[in-house]
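Have a look at the structure below, then the notes.
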There are 2 protein chains.
Amino acid sequence: MKVTINDVAAMAGVSIKTVSRVINNEPSVRPATRKKVMDAVAALNYQPNLAARNLAGTRSYTIAFIYDNPNAYYVIDMQNGILEACKARGYELLIHPSNSKSASVHDELKNLVEHSKIAGLVLTPPFSETQAVIDTVKSLNVDYVRIVSAAAAHDDEENCIQVDDSAAAYDITQHLLGLGHKRIGFLCGGEEHVSTHGRLDGYRRALEDAGLPVEESLILKGEYSFDSGVTGAKKLLQSDNPPTAIFASNDEMAAGALFAARLMHFEIPEQLSIVGFEDSPFSRQTWPKLTTAHQPNNEIAKCAAALVLSKARGKSAAENGKASKEAGIQREFTPTLVVRDSSGPAPK
Amino acid sequence: MKVTINDVAAMAGVSIKTVSRVINNEPSVRPATRKKVMDAVAALNYQPNLAARNLAGTRSYTIAFIYDNPNAYYVIDMQNGILEACKARGYELLIHPSNSKSASVHDELKNLVEHSKIAGLVLTPPFSETQAVIDTVKSLNVDYVRIVSAAAAHDDEENCIQVDDSAAAYDITQHLLGLGHKRIGFLCGGEEHVSTHGRLDGYRRALEDAGLPVEESLILKGEYSFDSGVTGAKKLLQSDNPPTAIFASNDEMAAGALFAARLMHFEIPEQLSIVGFEDSPFSRQTWPKLTTAHQPNNEIAKCAAALVLSKARGKSAAENGKASKEAGIQREFTPTLVVRDSSGPAPK
DNA sequence: ACGGAAAATGACAGCGTTGTCATACCGAAG
DNA sequence: CTTCGGTATGACAACGCTGTCATTTTCCGT
């Protein structure tokens, strides 16, 4: 019925141990033998039994994805990316939704790692940026990769995949500047997200580099939510001297801003430009479609998973090509500007 | 380091087999013995090793969640529900995104089931409603539960969790009727979704029961998308005799309809009522917030997982309380009306 | 108090793989 | 042609648990 290592060994005319060596890429197998085995593997469509591997071996074949993000689009994208990386390398994925603010994270993670024989952890924001979580993970002596906004990498770059929010925000702001906008409103995301600060920073730098003053009254605190976008935009647009463009810290807020602007009878983009960030499906579900920065979450997640897997493998047996393996993995991402219909030349 | 069944056995002063019996809830263990073992389990915080269980036993401790749905909110809700059910019973979840339209679904599923020793499958629409998929799954001789719109259960009720779209749509329509609306536009979802037909059916029945004519010109084909909502609403509202209310087949379309209506300067809900379906986060990200039908996806998924697990268990050893176990699981859900701000009395 | 059936318990073999260690083999040097 | 040093290969135990079946204990009727 189910094909095991024994079947392969029999067909190839070698011992099961040799088959094991081949499928694990261990040295000390003559090329001719290796080929015989690989042919048999292919012929029988053999796939090693994960349970047996986990049980017998010292290493693990499952990694865990820990998330704590209310944004379903984000989570799904990430998850799919990780899944791809796992599948490609024959690993299993353990999904673990959690709560970075809960007091029991420490115990929860500890329990997870110690009981489930896990090869590594992939963490996404805000989980990945919470100090208590980072401390716990480090103390657990387990491989991990944190997907974080660049500033949150601190002195832990080797375990981070960084997203350069600041650079992307800089690009977006520059786009607006290039369209002739001089007064650009900025709607901040939640304080607790590192990305919030990165995006604001990019906005500031772009203005400064363009020799324009940063008007603090145009920068409004907020949350990464639709309502927050509505409120913020209203406030900006009702002021005596409203901006000609609004940079919302994410697409959801931008959708809210768009909505508020419409209610106030602004023509978009003729009288007012609005841009978002993230390129979530939100940005295509507005009218007009949003100019935004595309963040390749799927790709980011794939790299994060690949990185954690290469770490886990590096530690085991071979130990040889470790450095070279990690080398091929992209570790910094800068979301790229996507110009759609919500931004246009500044009105006279 | 890691506590095994041996440690528990030693502490309780019994054989490992007895411990095994206790943790698997098998009969033929004296209450006193059972207690000793359970105390030891608790004291040591023992958790059976899944890999070993999977390897040794005939039964499996992992179920698979197969989805093929572009709606991230939907998928995440479902996934979380399934995860809860799994965790509660010590099962593992294998996530398997797929494509119901792909020609290779058959091989893909076959491979999944045969290689991964899986206790059962949970399928969501549109995957769960695709005939080719259903046939494949049945031929695979594996336990499964399909989450489907009621009409898609056919003669396979014992393996379905049904969502009564028709009844819910009936309720929504009745709500509108109760507000005095006589002419209600209806925006259909995609043809390929069974839910589309169920929702339309509910709308029709409600009108008929109220003794009102069903005007075919008020029923527009569409897709479950924002743009489709925009287009449909425009068409309805530009007609000579526009309806006083619009029933959009899901929240995303309703958001689109709302948008179009606003552009055309309709006051909502004073001049026009708009309702959605699903109660997705969308419905709270519009202004005004949408009246809709709440579909408890998390709960539905939990029941689906519980059902598939009880099936899988039923087949094993005990075979006793099978019927009683399944009995407690809810298998039909009717989304419930949630009245928010987008619906109001019909204008004079 | 005793036999016998049923209930409770345990010994042991395997599940499919990896790790350890012993053995067989190979080519080069003497 | 033999020996040496390493490389290639295999035998076997072990991973933590469950299934099978033998054994012990319990409890009942007499």
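A quick note: this is a predicted structure, and the numbers were derived from the prediction, not measured.
- At whole-Å resolution of the value, CD1 in B:I5 and P in D:dC15 are 14 Å apart.
- Mapping B:R21 and B:L55 onto DNA chain C by nearest heavy atom places B:R21 at the nucleotide closer to the 5' end.
- Residues B:P97 and A:N80 approach most closely at CG-OD1, 3.8 Å, considering heavy atoms.
- With no hydrogens or angles considered, a side-chain donor-acceptor pair links B:Q79 and A:Q79 at under 3.5 Å.
- The CG atom of B:D7 sits 12 Å away from the P atom of D:dC15 (whole-angstrom rounding).
- Atom P of nucleotide D:dC15 and atom CG of A:N49 are separated by 18 Å, given to the nearest angstrom.
- Counting only distance, with no hydrogens or angles, the side chain of A:D7 and the backbone of A:T4 share a donor-acceptor pair below 3.5 Å.
- In the 5' to 3' direction, nucleotides of DNA chain C lying under 4.0 Å from heavy atoms of chain B begin and end at C:dA8 to C:dG16.
- Checking B:A52 against B:R34, the closest nucleotide of DNA chain C that is more toward the 5' end is the one next to B:R34.
- Contact of the B:I161 side chain with the B:F333 side chain is registered, since non-hydrogen atoms from C-beta on lie closer than 4.5 Å.
- For the residue pair A:D68 and A:S100, a side-chain donor N or O sits within less than 3.5 Å of a side-chain acceptor on the partner.
- B:I16 places its CD1 atom 8 Å from the P atom of D:dC17, with the value rounded to the nearest Å.
- Residue A:N54 places no side-chain N or O under 4.0 Å from the OP1 or OP2 atom of D:dC15.
- Residues passing the side-chain contact (heavy atoms from CB on, under 4.5 Å) test with B:L93, sequence neighbours excluded: B:I63, B:F65, B:I82, B:L83, B:C86, B:I95.
- A straight line from CG of A:N6 to P of D:dA11 spans 12 Å, rounded to a whole angstrom.
- Counting non-hydrogen atoms under 4.0 angstrom, B:P27 reaches nothing in the nucleic acid.
- Of the candidate nucleotides D:dC15, D:dC17, D:dT26, D:dC15 has the atom nearest to the side chain of A:A56.
- Here the C1' atom of nucleotide D:dG16 and the NZ atom of A:K117 are 10 Å apart, to the nearest Å.
- If you take NZ of B:K2 and P of D:dC17, they are 10 Å apart, rounded to a whole angstrom.
- Between B:N24 atom CG and D:dG19 atom P the separation is 7 Å, expressed in whole Å.
- Remark: A:T33 is not in phosphate contact with D:dA8, judged by side-chain N or O atoms under 4.0 Å from OP1 or OP2.
- There is no side-chain donor-acceptor pair under 3.5 Å between A:N71 and B:Y73.
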